[in-house]
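Structure first, then comments.
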Amino acid sequence: MARTAISSVPQGASTVLGPASQQQSPEEVRAAWSEAFRRVRAETEARAAPLSPEDQQIQSMADASPTKWHRAHVTWFFETFLLKPHDPAYTTFDERFPFLFNSYYVGAGPRHARPQRGLITRPSADDVAAYRAHVDKAVAHLIDTVAPADAARVFSILEIGLHHEQQHQELLLTDILHAFAQNPTDPVYDAQWSWSKPDQDKGFAAVPRGIQSIGHAGQGFCFDNETPAHDELIADMRIARSLVSNADWLEFIKAGGYDTPSLWLSDGWTQVQEAGWQAPGYWRREAGGWSTMTLAGRQSVDPQAPVTHVSYYEADAFARFAGKHLPSEAEWEVAARAGLLGDAFGTAWQWTRSAYLPYPGYRAADGALGEYNGKFMVSQMVLRGSSVATPAGHERLSYRNFFYPPARWQFSGVRLAEFT
Ligand SMILES: [Fe+2]
């Protein structure tokens with residue numbers, strides 16, 4: 001399943017950020033990074049383009065950030081971790097910006113409170129555009145002029161910055177969807193947006209059992225949390241080829257799933273009671289059925305589409321209702337590597353029953369960049385795959401996404417597993 005009209009590159013297309021091989025000349029390497037930088041930066045602007053300055057200002061909850069902040073924060077990342085340490089001639093665009101646009105990097109200095117990002121009416125969206133242009137120019141210059149001895153280090157930080165910006169491209173969409181969902185006029189982000197048909201594979205597939213390797217190994221970029229590759233023991237089990245659909249979820253609702261405490265983890269049941277959940281995020285009961293908020297505005301729930309905007313608690317309760325389990329992240333990855341999963345990527349992130357923990361032997365990088373992943377390895381659950389909002393080429397078999405169990409503003413869905 002793929003979506004339309006968000007990214008400039010079709011989902012599933014092979015898009016390498018940077019040089020395609022290690023055989024390229026230094027000039028070709030520079031040109032490849034230059035092009036990758038231009039392309040990723042342009043994608044962010046393309047995603048922001050349908051949004052007015054007022055849209056870009058809004059912060060609808062503490063977990064979400066304004067579009068304007070995303071555009072500035074990813075720019076701050078390049079300024080802080082790439083330009084300031086590696087370009088002595090770089091001049092900071094505005095000395096006030098690091099405080100405003102540092103997210104959580106304690107080692108990079110003090111920062112504005114996350115829940116109050118929506119209160120920053122100035123700098124304006126135009127100011128942020130000028131900040132982006134200033135940093136774009138400086139990064140392009142650095143790519144062209146970096147000394148050969150420093151090139152490997154500079155390009156490796158550039159690469160992290162590009163993947164970081166891609167992560168924020170996804171958040172830009174999920175955050176504005178949440179904001180638009182609070183608006184009684186049901187704003188449309190992209191009138192052309194739609195789900196395409198899900199993969200037709202149904203049923204369950206046996207996952208290769210025994211000792212299996214997961215994690216990132218070999219060439220190509222990965223985040224540190226995907227390493228080291230290591231062995232996991234896979235039991236006799238089967239995994240669903242398809243994602244749980246809205247039709248499946250309607251059965252859960254009809255059967256009183258949200259009113260049956262025995263289906264829920266204790267924390268989940270508390271959450272359901274406190275939040276009054278009776279359906280996935282954005283669902284609303286209408287006279288003729290259910291509607292949901294989408295990037296194309298409010299639409300009828302499509303029974304054939306995968307369920308999305310469900311929390312870990314809901315995913316777990318649904319699995320119990322179905323007499324199944326959620327897969328572990330190791331089971332998911334082994335199955336994906338074996339080509340057993342329909343809609344593994346580009347549709348909905350899939351909750352796993354795995355807590356987000358360091359792999360055996362994991363070490364975070366030194367310095368402020370070491371805060372990227374490692375310090376979040378507590379109290380969150382791993383999601384695998386990628387979603388309809390993930391930029392093309394960002395997905396990987398070893399990719400580990402993670403959110404707190406109640407979170408449901410991402411395109412998060414469900415794949416079931418069973419033990420045999
Ligand atoms: Fe970030």
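Both counts, for ligands and for their atoms, begin at 1 and track the order of listing. Numbers here simply count residues along the sequence, with the first being 1.
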Practice prompt. Quickly, which of Tyr105, Phe93, Trp69 forms a ring pair (Phe, Tyr, Trp, His ring centres under 6.0 Å) with Trp76? Name it, please.
Written response: Tyr105
Practice prompt. Flag this pair as yes if the NZ/CZ of Arg132 is under 6.0 angstrom from the six-membered ring centre of Phe78 and inside a 45 degree cone about the axis; otherwise no.
Written response: no
Item to complete: With Arg38 as the cation and Trp33 as the aromatic partner, state whether NZ or CZ is under 6.0 Å from the six-membered ring centre and within 45° of the axis.
Response: no
Worksheet item: How are the rings of Trp249 and Phe318 set relative to one another: parallel (under 30°), tilted (30 to 60°) or perpendicular (over 60°)?
Response: parallel
Practice prompt. With sequence neighbours left out, write down each residue that passes ring pair (Phe, Tyr, Trp, His ring centres under 6.0 Å) with Phe99, or none if nothing qualifies.
Written response: none
Practice prompt. Could you tally the protein N/O/S atoms lying less than 2.8 Å away from the Fe ion (ligand 1)?
Written response: 3
Discussion item. Between Arg284 and Glu286 (salt bridge meaning N to carboxylate O under 4.0 Å), is one present in this structure?
Written reply: yes
